[in-house]
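Structure record follows, encoded as structure tokens.
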Amino acid sequence: MDRATHSLERDEMKFFIDSADVGEIRKALALGLCDGVTTNPSLVAKTGRRFDEVLAEIVALRPGPVSAEVTALDFDGMIREAHHYAAFGDQVVVKVPLIVEGLKAVKALSAEQIKTNVTLCFSPVQALLAAKAGATYVSPFVGRLDDVSEDGMAMVEQILEIYRNYAFETEVLVASVRHPIHVLQAARMGADVATIPFKVIEQLAQHPLTDRGLQQFLADWEKVPKS
Ligand code: G3P
């Protein structure tokens, strides 16, 4: 990514799918609405499958960057897991929690050219630290902030402002997306990526007036003489 990303000259917004379900990822790819995949331990647990097996299958679909999250809490453990996941292929992005040990790990991994996604970000200053550590992506969790009566998208706005001030290369990946309004706001603010659950991807296409209008057109078409 060049340094223009956070200036006026921008790449198009990317949609990642927030899922470890290979079936959902295939469907999003078929829709042409999947530029990458994010997983986390909770999403992996839902599949009931071994993560190595799931990760290999996802990577084989070549969906773009695929985030795989480390679960160690110490630097050495994080680096060990990061190397394990990075060996699955170039598309793998190592997801690291936004804690002090995690920031150290991100710095080391970025020196090794291993891509990182700093997760569990809940404040603009945390995002500033992720950028200074050289993260490829930072994941502000908007839905979880909304859940505790804070404004998740206001956090994203401030992160974008800070990154643009200094032309940081870290991409803002809006996470914990719960509904289409989060996607709308992310797009209006110019966030680089939104990682979206499959259900919300489907909701984005829906509008009751589209369905009603289509029904009317089809009913009227029946009245048109065919010969
Ligand atoms: O992948 C991380 C994030 O998107 C989790 O979302 O809905 O569990 O807060 P949620």
Side-chain angles (χ1 to χ4, degrees), residues 13-25 27-29 33-49 51 54-55 57-59 61 63-73 78 81-82 85 88 91-99 102-103 105-106 115-124 126-127 130 135-157 159-160 170-187 189 191-204:
M13 183 186 190
K14 285 164 280 194
F15 276 14
F16 288 1
I17 176 167
D18 201 23
S19 177
D21 178 327
V22 178
E24 281 187 349
I25 296 166
K27 282 195 248 173
L29 280 166
L33 291 173
C34 177
D35 304 310
V37 177
T38 52
T39 66
N40 65 37
S42 308
L43 291 170
V44 175
K46 275 199 215 163
T47 69
R49 303 178 57 198
F51 186 46
V54 172
L55 183 59
E57 266 181 51
I58 297 174
V59 168
L61 295 173
V66 181
S67 289
E69 187 158 342
V70 299
T71 51
L73 295 177
M78 286 178 185
E81 286 184 49
Y85 291 138
F88 281 74
Q91 295 172 86
V92 172
V93 177
V94 178
K95 212 169 173 187
V96 178
L98 210 160
I99 56 177
L103 292 169
V106 168
K115 293 192 244 10
T116 53
N117 174 359
V118 178
T119 189
L120 291 166
C121 172
F122 291 98
S123 84
Q126 283 186 314
T136 316
Y137 302 97
V138 67
S139 289
F141 274 34
V142 297
R144 291 193 195 184
L145 261 194
D146 293 353
D147 289 344
V148 295
S149 308
E150 287 190 46
D151 186 343
M153 291 311 299
M155 161 180 62
V156 172
E157 198 160 29
I159 295 170
L160 287 167
T170 303
E171 293 194 38
V172 179
L173 193 168
V174 178
S176 186
V177 163
R178 301 280 172 76
H179 47 67
I181 299 291
H182 281 146
V183 181
L184 169 68
Q185 290 176 313
M189 287 174 192
D192 303 281
V193 192
T195 188
I196 314 174
F198 188 70
K199 187 184 112 207
V200 178
I201 295 181
E202 288 182 313
Q203 287 175 329
L204 289 171

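A quick note: this is a predicted structure, and the numbers were derived from the prediction, not measured. Ligands are counted one by one from 1 in listed order, and the atoms in each one are counted from 1 as well.
- Taking 4.5 Å as the limit, some side-chain heavy atom of Val156 sits within range of a side-chain heavy atom of Val142.
- For Gly64 against Gln91, the heavy-atom pair with the smallest separation is O-OE1, 3.0 Å.
- Considering only residues two or more places apart in sequence or on other chains, Arg49 meets the side chain to side chain donor-acceptor pair (under 3.5 Å) condition with Glu53, Glu57.
- Residues Thr39 and Phe51 have side chains in contact (heavy-atom distance under 4.5 Å, counting atoms from C-beta outward).
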Present, as a list of atom pairs with distances to 0.1 Å, all nitrogen or oxygen contacts under 3.5 Å between ligand 1 and the protein.
from     : atom 1 : to     : atom 2 : distance (Å)
ligand 1 : 1 (O)  : Asp18  : OD1    : 2.8
ligand 1 : 1 (O)  : Asp18  : OD2    : 3.3
ligand 1 : 1 (O)  : Asn40  : ND2    : 3.2
ligand 1 : 1 (O)  : Lys95  : NZ     : 3.3
ligand 1 : 4 (O)  : Asp18  : OD2    : 2.5
ligand 1 : 4 (O)  : Ser176 : N      : 2.8
ligand 1 : 7 (O)  : Arg178 : NE     : 3.0
ligand 1 : 8 (O)  : Arg144 : NH2    : 2.8
ligand 1 : 9 (O)  : Arg144 : NE     : 2.6
ligand 1 : 9 (O)  : Ser176 : OG     : 2.7
ligand 1 : 9 (O)  : Arg178 : NH2    : 2.9

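- Taking the side chain as every heavy atom from C-beta outward, Phe88 and Ile58 never approach each other to under 4.5 Å.
- Looking at Val148 and Arg144, their side chains never come closer than 4.5 Å, going by heavy atoms from C-beta outward.
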